[in-house]
Visitor: 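The structure is given below, and queries will be raised subsequently.
By convention in this document, chain letters (A, B, ...) are assigned in the order of the sequence lines, proteins followed by strands, and residues within each chain are numbered from 1.
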There are 2 protein chains.
Amino acid sequence: MRFSKTTEYAIRVMIYLSQHNTQRLSVQSLHKILRIPYKYLARLMRQLAHAGLVTVTQGKEGGYSLNRELNSIYLYQIVGVIEGLDSMDRCILGFSECNDAFPCSLHTSWEPLRSRIKEMMYNTTLLELQQQGEKI
Amino acid sequence: MRFSKTTEYAIRVMIYLSQHNTQRLSVQSLHKILRIPYKYLARLMRQLAHAGLVTVTQGKEGGYSLNRELNSIYLYQIVGVIEGLDSMDRCILGFSECNDAFPCSLHTSWEPLRSRIKEMMYNTTLLELQQQGEKI
DNA sequence: CATTATTACCACCTTTCGGTAGTAATATAA
DNA sequence: TTATATTACTACCGAAAGGTGGTAATAATG
C-alpha cells in the first residue's frame, strides 16, 4: 500500500522545485540536496520534462524549473506521469470487472477510502504542498 | 498506490477459504478456482501456514483450511504476513523521520487517509468480508 | 575558439517480484 | 503394501524496478 520509489522521488523533486520556484536547478544540485541517485534522477527529470511538468534548459547554466503556476500543478498529475492515472481507479484486489454493481469482497470497505485518496490527489496542488512548509 | 500482487492473492485465498470454511482445500483446487499460478500459490499457502493463518494437512486428501474463527482473522494480519505491518505506518514519501511534529510536505494531506486505511484494516475480519458476498 | 557545465541518449547492471520445475516427504486409500 | 494425491523444499527463470556508466549534444563563459 504505497507509491513506487520513483513516484516518491518525483513528488519530492516537484515539491522542492516549487519551494525554489524562480530558480533553474541542475540535476547535480537536486541530486545533492534531495539525495536521489544522480543518473536515475537525471532520467526522471527528463521524464517529467517530457510530460510537460517542468521546463528544461540545456547546456551550461541549464537545468530544470516548473513549467506552470504552482496552483495549476496537481498531485494526481505527478503520480499519473509515473504510475499512470488508472492506478487511482484500480480495484484493491486487481479485478478489472469490479464495480459498485458487481463488487469484489473488499469493494465496500475499500471504495470510500479509494475515493477519498483520489479526491485528495485531484484537489491538492503544489501551492498547498509548498505552503505546508515541511520541517524535514 | 496499491497492494503487491502477492498480497492480492493472499487476501483472495483467505476470503475464499472463509467462504468454504468447513472444507479442506488443496492448492490444486484453489489454483483452478482462483486462477492463481499453481506453484506460486503453493509457496504462498506455505507462507500463510507458517504465519499461523491457515492450518495444513499433508499427504493425500490433505490441504489447507482456516486456522481460527472468521471473526478473529483481521485484514491487517493477512497484509502483514506479506508486506509487513510497518507498511501501514509508512510515510507516503518514504521519510523514516516523518511524524506529526516533523512532517514532510505531504504529511498533513496523507495522514488522515493513512489512518483511515489502517483503521479499516484493523477493524475488518474475514467474517465481514465473507458476509459481503462478492458478486465477482 | 576552447573550456566547461550542463542535458540527452543508450546500454548495461542489480535487486526484487512474480513465476516455474523437479524431486523428496507424507499420508490416504485401494 | 503399493499407487496416488497431496504438501515441502530448493533451485532456478524472467520481467520489472531501481540504479550505473559512458559518450554525444548543447550552450554559456573566459
Side-chain angles (χ1 to χ4, degrees), chain A residues 1-13 17 20 23-67 79 81-84 86-87 90 93-94, chain B residues 1-13 17 20 23-67 79 81-84 86-87 90 93-94:
Chain A
M1 185 52 51
R2 52 168 294 193
F3 286 135
S4 72
K5 213 166 186 178
T6 309
T7 302
E8 289 176 8
Y9 289 163
I11 296 173
R12 287 174 55 199
V13 169
L17 288 181
H20 302 78
Q23 296 169 49
R24 181 191 296 160
L25 295 156
S26 71
V27 173
Q28 191 52 238
S29 58
L30 291 169
H31 151 68
K32 277 185 191 150
I33 295 158
L34 301 175
R35 289 189 212 82
I36 298 170
Y38 175 67
K39 285 286 190 171
Y40 198 66
L41 178 58
R43 189 198 287 166
L44 172 58
M45 293 313 295
R46 264 175 272 139
Q47 206 179 335
L48 294 173
H50 193 75
L53 292 182
V54 297
T55 40
V56 55
T57 315
Q58 276 204 25
K60 192 170 176 177
E61 303 284 286
Y64 294 89
S65 56
L66 292 184
N67 196 20
V79 176
V81 169
I82 312 298
E83 315 204 342
D86 28 337
S87 71
R90 208 169 164 284
L93 294 183
Chain B
M1 184 51 51
R2 51 168 295 193
F3 287 135
S4 73
K5 212 166 186 177
T6 309
T7 302
E8 289 176 8
Y9 289 162
I11 296 173
R12 287 174 54 199
V13 168
L17 288 180
H20 303 79
Q23 297 169 49
R24 182 190 297 158
L25 294 156
S26 71
V27 174
Q28 191 51 240
S29 58
L30 291 169
H31 150 68
K32 278 184 190 148
I33 294 158
L34 300 175
R35 289 190 211 81
I36 298 170
Y38 175 66
K39 286 285 190 172
Y40 197 66
L41 178 58
R43 190 197 289 166
L44 174 57
M45 293 313 295
R46 261 175 274 139
Q47 206 179 334
L48 294 173
H50 192 76
L53 292 181
V54 297
T55 41
V56 56
T57 316
Q58 276 203 25
K60 192 171 176 178
E61 304 283 289
Y64 295 90
S65 56
L66 292 184
N67 196 20
V79 176
V81 170
I82 313 297
E83 315 203 342
D86 27 339
S87 70
R90 205 168 167 286
L93 294 183

Visitor: Can you tell which of C:dT7, D:dT7, C:dG18 lies closest to the side chain of B:Ser4?
Guide: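 Nearest nucleotide to the side chain: C:dG18.
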Visitor: Toward the 5' end of DNA chain D, which comes first, B:Ala49 or B:Glu61, by nearest nucleotide?
Guide: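 Looking at DNA chain D, the more 5' nearest nucleotide goes with B:Glu61.
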Visitor: With no angle test and no hydrogens, is the base of D:dG22 tied to the side chain of A:Lys39 by a donor-acceptor pair under 3.5 Å?
Guide: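 Check passes, donor-acceptor contact within cut-off.
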Visitor: Roughly, in whole Å, what's the span from CE in B:Met45 to C1' in C:dG19?
Guide: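 Distance, rounded to whole Å: 17 Å.
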Visitor: Under 4.0 Å between a side-chain N/O of A:Thr6 and OP1 or OP2 of D:dG18, yes or no?
Guide: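 Yes, because at least one side-chain N or O of A:Thr6 sits under 4.0 Å from OP1 or OP2 of D:dG18.
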Visitor: Report the residue (A:Leu41 or A:Lys60) whose heavy-atom-nearest nucleotide on DNA chain D is the more 5′ of the two.
Guide: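 Taking each residue's closest nucleotide, the earlier one in sequence belongs to A:Leu41.
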Visitor: Reckon B:Tyr64 touches a base, only the sugar-phosphate, or nothing at all at heavy-atom distances under 4.0 Å?
Guide: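 Touches sugar-phosphate only.
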Visitor: May I have the distance from B:Gln58 (atom CD) to D:dT4 (atom C1'), rounded to whole angstrom?
Guide: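 That distance rounds to 15 Å.
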Visitor: Using only heavy-atom distances, determine whether the side chains of B:Arg24 and B:Thr57 contain a donor-acceptor pair under 3.5 Å.
Guide: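 Yes, because at least one side-chain N or O of B:Arg24 sits under 3.5 Å from a partner of the opposite role on B:Thr57.
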Visitor: Could you give the CZ-to-P distance, from A:Arg46 to D:dT26, as a whole number of Å?
Guide: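 Between P of D:dT26 and CZ of A:Arg46: 14 Å.
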Visitor: Tell me whether the side-chain N/O atoms of A:Tyr9 come closer than 4.0 Å to OP1 or OP2 in D:dG19.
Guide: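 The answer is yes; a side-chain N or O of A:Tyr9 sits under 4.0 Å from OP1 or OP2.
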Visitor: Does B:Lys5 place a side-chain N or O at less than 4.0 Å from the phosphate oxygens OP1/OP2 of C:dG19?
Guide: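 True: B:Lys5 side-chain N/O within range (under 4.0 Å) of C:dG19 OP1/OP2.
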Visitor: Between A:Leu30 (CG) and C:dA5 (P), how many Å, whole number?
Guide: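 It works out to 18 Å between those atoms.
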Visitor: Kindly indicate, with the supporting measurements, whether the criterion side-chain hydrogen bond (donor to acceptor under 3.5 Å, both in side chains) is fulfilled by A:Ser4 and A:Tyr9.
Guide: CA-CA 9 Å; A:Ser4 72; A:Tyr9 289 163; over 6 Å; no
Visitor: Counting only distance, no hydrogens or angles, is the base of C:dT7 paired donor-acceptor with the side chain of A:Arg43 under 3.5 Å?
Guide: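 Per atom types, no contact qualifies.
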Visitor: Between B:Leu44 (CG) and D:dT7 (P), how many Å, whole number?
Guide: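 B:Leu44 atom CG is separated from D:dT7 atom P by 13 Å.
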Visitor: Do NZ/NE/NH1/NH2 and the carboxylate oxygens of A:Arg90 and B:Glu8 come within less than 4.0 Å?
Guide: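 Salt bridge flag = yes for B:Glu8 with A:Arg90.
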Visitor: Without hydrogens or angle criteria, can the side chains of A:Thr6 and A:Tyr40 be said to hold a donor-acceptor pair below 3.5 Å?
Guide: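 Per modelled atom types, A:Thr6 and A:Tyr40 side chains form a pair under 3.5 Å.
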Visitor: Walk me through whether A:Leu44 and A:Ile82 qualify under side chain to side chain contact (heavy atoms under 4.5 Å, CB included).
Guide: CA-CA 9 Å; A:Leu44 172 58; A:Ile82 312 298; 3.7 Å; yes
Visitor: Which nucleotide wins on minimum distance to the side chain of B:Tyr40, given the candidates C:dT20, D:dT26, D:dT6?
Guide: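 Of the candidates, C:dT20 comes closest.
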